[in-house]
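Accompanying notes for the structure given below.
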Protein chains: 4
Amino acid sequence: MTEEELMLQQLFDEDKLTDKQKKIIVAAIETFSEKGYAASSTSEIAKKAGVAEGTIFRHYKTKKDLLVSIVAPLMTKFIAPLVVKDFNKVLNREFETVEEFLRATIENRRDLLIRMLPVVKIMFQEIPFQPELREQFLELVVKNIFNSVEKVIIGYQEKGLLIEMPPESIARLTITNILGFLFSRYLLFPQLDWDDELEIERTIQFIMHGIGKKD
Amino acid sequence: MTEEELMLQQLFDEDKLTDKQKKIIVAAIETFSEKGYAASSTSEIAKKAGVAEGTIFRHYKTKKDLLVSIVAPLMTKFIAPLVVKDFNKVLNREFETVEEFLRATIENRRDLLIRMLPVVKIMFQEIPFQPELREQFLELVVKNIFNSVEKVIIGYQEKGLLIEMPPESIARLTITNILGFLFSRYLLFPQLDWDDELEIERTIQFIMHGIGKKD
Amino acid sequence: MTEEELMLQQLFDEDKLTDKQKKIIVAAIETFSEKGYAASSTSEIAKKAGVAEGTIFRHYKTKKDLLVSIVAPLMTKFIAPLVVKDFNKVLNREFETVEEFLRATIENRRDLLIRMLPVVKIMFQEIPFQPELREQFLELVVKNIFNSVEKVIIGYQEKGLLIEMPPESIARLTITNILGFLFSRYLLFPQLDWDDELEIERTIQFIMHGIGKKD
Amino acid sequence: MTEEELMLQQLFDEDKLTDKQKKIIVAAIETFSEKGYAASSTSEIAKKAGVAEGTIFRHYKTKKDLLVSIVAPLMTKFIAPLVVKDFNKVLNREFETVEEFLRATIENRRDLLIRMLPVVKIMFQEIPFQPELREQFLELVVKNIFNSVEKVIIGYQEKGLLIEMPPESIARLTITNILGFLFSRYLLFPQLDWDDELEIERTIQFIMHGIGKKD
DNA sequence: TATGAATGAGGGTTCATTCAT
DNA sequence: AATGAATGAACCCTCATTCAT
């Protein structure tokens, strides 16, 4: 089983996908991610997947349908659990400090995040142009997850570990920084030299303490 | 003079642009920004600009040439000065604290940033797919600007106002948060209700102090 | 038994058709009639028939084969008997006048004609484009039937009830008027208000006496 | 100037058609008429017209647009004048009898009718499937022309030359017979031996006197 | 026998680009 | 300089037909 298929299993294990369907999805993710949705052609995807072009349209009514079929489950099945799962651990007092929690979460899932990056890239690239995706994202990710996050943040706030800023803002800022790092690192400038461990540590440090010196 | 033409003047005032060329650029920015580069057609741009299709190709050899002609000067003439200019003020001790500096910078240029957002959006949308733009961005923006930033940051660090983190990281994190806010606000979820003043204040607060409670 | 199946029985009662075959034919007639042969897709027919696409091609080698299988028996088993049958009655002096004969024939079979119209429509739509059908039509309908008609017409001519025009011409003109009414009524402008009884009466009157005033 | 171009001139002389546009229309008429609209491909039409396929879509937004652009002017510019023109002569008492009028009309325009037949064929083939055409036909031909016809018919009725049947019915029946002859002759069975003069004469005779013997 | 996934040729249409005017 | 008709490759998608199950 290739890496891609592993990722697919994470994304699509509930659905019964035929062999060809898996190949189409793998090829589509690769192509969309490399060239962007609009610049990808179904014929190229078909060739890369080793199927006839018509086969794509047997499974996905339109090219956009293919896009949505890739990105939508990511939102429902991947991103939500990714965050929520360990938040429960946090709520169960497994982590004494937010710092530890952030470090554990990021480190813990870094490989998966890296493997998922193509799809994440597609997702953020297309959200500005596809109202359908934007609405799904708001409904499934923003609303759904931010609810869970709120509890955790409030928990830490009550423990006196977080400032009193409203939970949504804290969530937005934290997520911004994590995604900001990942996008800079893997999408915008992958060819630069990065010391990943160090940058993650700095990101966490920044999230926790900002850049102002305590005195 | 329309708003767009004002923006154009900021971007292109040195070049002698014909009236039609200006219209083409305005139309291209609007279209690229709305639909993305690949999904925009030159015929649509021509129609929106009120010129013949051929006219576009008289001024810009290819569609990609049009894209680069829009984004490249942004990098050289807009973003660089935007940051550097006030950094010099900072170096001249005009601002006692980083906070004040950040606030002044953001507030000061907010309107312009908002008006520039279409082009900024295009820039970030296309950087992952256009190596030409990516290299330009690295060369002109990252290297060029980060050099200036370093001095400022070092200055504040020497004054004991910033932590000891390496200047590049501080720059990256700061920029990430500013752009992160602007992208969330204007590109990803413009339809949500935002209290801009408040969010900017929180972003600044976050940049300076993180989310961890000092005690 | 539905109306369609009744019609099918009239058309195909000798052949042993499976249940699925009947459903395919009903669906094909409906689709061909609504959209025309070329604009109908086998997949739509399959869906409407509730069978798999492959099933159609198990029974009919090609799409055209399906068309011919529908229209051909119509010519041999329906139209020919339709006319000939009562012509025998006429020959047996059941009708004193041609008028009565025409009226009886049309009225008598009007419901059936209406129910058959989808297939008749297909037949006339496709005859110009399918040489196979055209030849069959000439062989089975024109030659075969016109022979019978000739006898009837000659019979009435001998009785002094018809003018001396050659039987083929009389046949052509009569049929033209009946079909012309039916086509105007049911195919070209079904949405107009028609007083069927009245129009039939006028058609008969016209066939018999033209529009010139006797003096 | 070829025959087709002559016909085109009759149909489209008011519009300024480029050379390529004329070729496209000629090719489209030929192809639609031979194979039917749905079975004709734009690539075939382009090849036959000697233009690039894209050129078709520069002038006609869609394939259906091409169809309508061919058939619509036929209705407005050809069929209407065809009938109305001589009806005025009739009203001016140029013809003593309806028979003479019919003969003059048919003979007079037979060549043109024959040359127009491909377009007439397309028109009647597609009216059942294209609501757009059907409505146009009703609006432009049926309503428009039948108004004129009514006057003529009433004129002859007042002169005692026509029976008292309602003008619309007389019109429908007359037109049915003329088109019925033309369709049988040129569309359905062009390969049969026809004595055109004789058949026209018989059609006229039939229209005037029916098939019933006066006595 | 019946299925429906798979095919790949061909469908209508769009597009960036060219070039004569 | 500016036009816009013309191009033809490429696009997304549909289709009749095949074949392993």
Side-chain angles (χ1 to χ4, degrees), chain A residues 18-21 23-24 38-47 49-66, chain B residues 18-21 23-24 37-47 49-67, chain C residues 18-21 23-24 38-47 49-67, chain D residues 18-21 23-24 37-47 49-66:
Chain A
T18 68
D19 190 48
K20 305 239 167 191
Q21 238 169 319
K23 281 181 186 163
I24 289 169
S40 302
S41 80
T42 51
S43 86
E44 184 188 357
I45 293 169
K47 204 174 291 170
V51 304
E53 206 173 345
T55 307
I56 292 179
F57 291 94
R58 172 158 291 277
H59 295 292
Y60 306 93
K61 263 162 67 129
T62 65
K63 187 187 166 193
K64 185 166 291 176
D65 200 35
L66 177 58
Chain B
T18 68
D19 189 50
K20 303 237 166 193
Q21 243 169 317
K23 280 181 185 161
I24 289 169
Y37 167 75
S40 301
S41 78
T42 50
S43 86
E44 184 187 356
I45 293 168
K47 200 176 295 168
V51 304
E53 286 199 58
T55 307
I56 291 180
F57 291 90
R58 179 151 297 278
H59 294 291
Y60 307 93
K61 252 170 58 147
T62 65
K63 186 185 167 193
K64 185 165 290 175
D65 201 36
L66 177 58
L67 170 69
Chain C
T18 68
D19 190 48
K20 303 235 167 194
Q21 245 171 314
K23 281 181 184 162
I24 289 169
S40 302
S41 77
T42 51
S43 86
E44 184 186 357
I45 293 169
K47 202 176 293 168
V51 304
E53 287 199 57
T55 308
I56 290 179
F57 290 91
R58 180 150 297 281
H59 293 291
Y60 307 94
K61 253 171 57 145
T62 66
K63 187 187 167 193
K64 186 166 289 176
D65 201 35
L66 176 58
L67 170 69
Chain D
T18 69
D19 189 49
K20 304 239 167 194
Q21 239 169 321
K23 281 181 186 164
I24 289 169
Y37 168 75
S40 301
S41 80
T42 50
S43 86
E44 185 187 356
I45 293 169
K47 206 174 290 168
V51 303
E53 207 172 345
T55 306
I56 292 179
F57 290 93
R58 171 157 292 277
H59 295 292
Y60 307 94
K61 261 161 67 131
T62 64
K63 187 187 166 193
K64 185 166 290 174
D65 200 36
L66 176 58

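In what follows, every chain begins at residue 1, and chains take the letters A, B, ... in the order their sequences are listed.
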task: Write down the atom of Tyr37(B), the atom of Lys63(B), and the distance for their closest heavy-atom approach.
output: O-NZ, 3.1 Å
message: Under 3.5 Å for both donor-acceptor distances, Watson-Crick or wobble: does dT14(E) have a partner, and if so which one?
response: dA9(F)
Atom pair OG (Ser43(B)) and CD (Glu53(B)), whose distance is rounded to the nearest 0.5 Å: 5.0 Å
query: Partner of dT21(E) by Watson-Crick or G-U wobble geometry, both contacts under 3.5 Å, or none?
result: dA2(F)
message: How long is the straight-line distance from OG1 of Thr55(B) back to CZ of Arg58(B), given to the nearest 0.5 Å?
response: 8.0 Å
Residue from Leu66(A), Val51(A), Thr18(A), Asp65(A) passing side chain to side chain contact (heavy atoms under 4.5 Å, CB included) with His59(A): Thr18(A)
field: Ile56(B) CD1 to dA1(F) P, straight-line distance once rounded to whole Å
entry: 15 Å
query: Under 4.0 Å: is that the gap between some side-chain N or O of His59(B) and OP1 or OP2 of dA2(F)?
result: yes
message: Return a single string for nucleotides 15-21 of chain E, one symbol per nucleotide in 5' to 3' order, where B is base contact, S is sugar-phosphate-only contact and - is none, cutoff 4.0 angstrom on heavy atoms.
response: SBBB---
statement: What one should report as the nearest heavy-atom pair of Ile24(C) and Ile45(C) is O-CG2, 4.0 Å
message: I need the CD-C1' distance between Gln21(C) and dT3(E), as an integer number of Å.
response: 16 Å
query: How long is the line joining NZ of Lys47(C) and P of dA16(F), in whole Å?
result: 12 Å
Between C1' of dA1(F) and CD1 of Ile24(B), the distance in whole Å: 11 Å
- request: Measure the spacing between CD of Glu44(C) and OG of Ser41(C) and express it to the nearest 0.5 Å.
  value: 5.0 Å
query: Which nucleotide in the list dT7(E), dA2(E), dT3(F) gets nearest to the side chain of Ala52(A)?
result: dT7(E)
query: In whole angstrom, what separates Tyr60(D)'s OH from dT14(E)'s P?
result: 16 Å
statement: Atom CD1 of Ile45(D) and atom P of dT13(E) are separated, to the nearest Å, by 11 Å
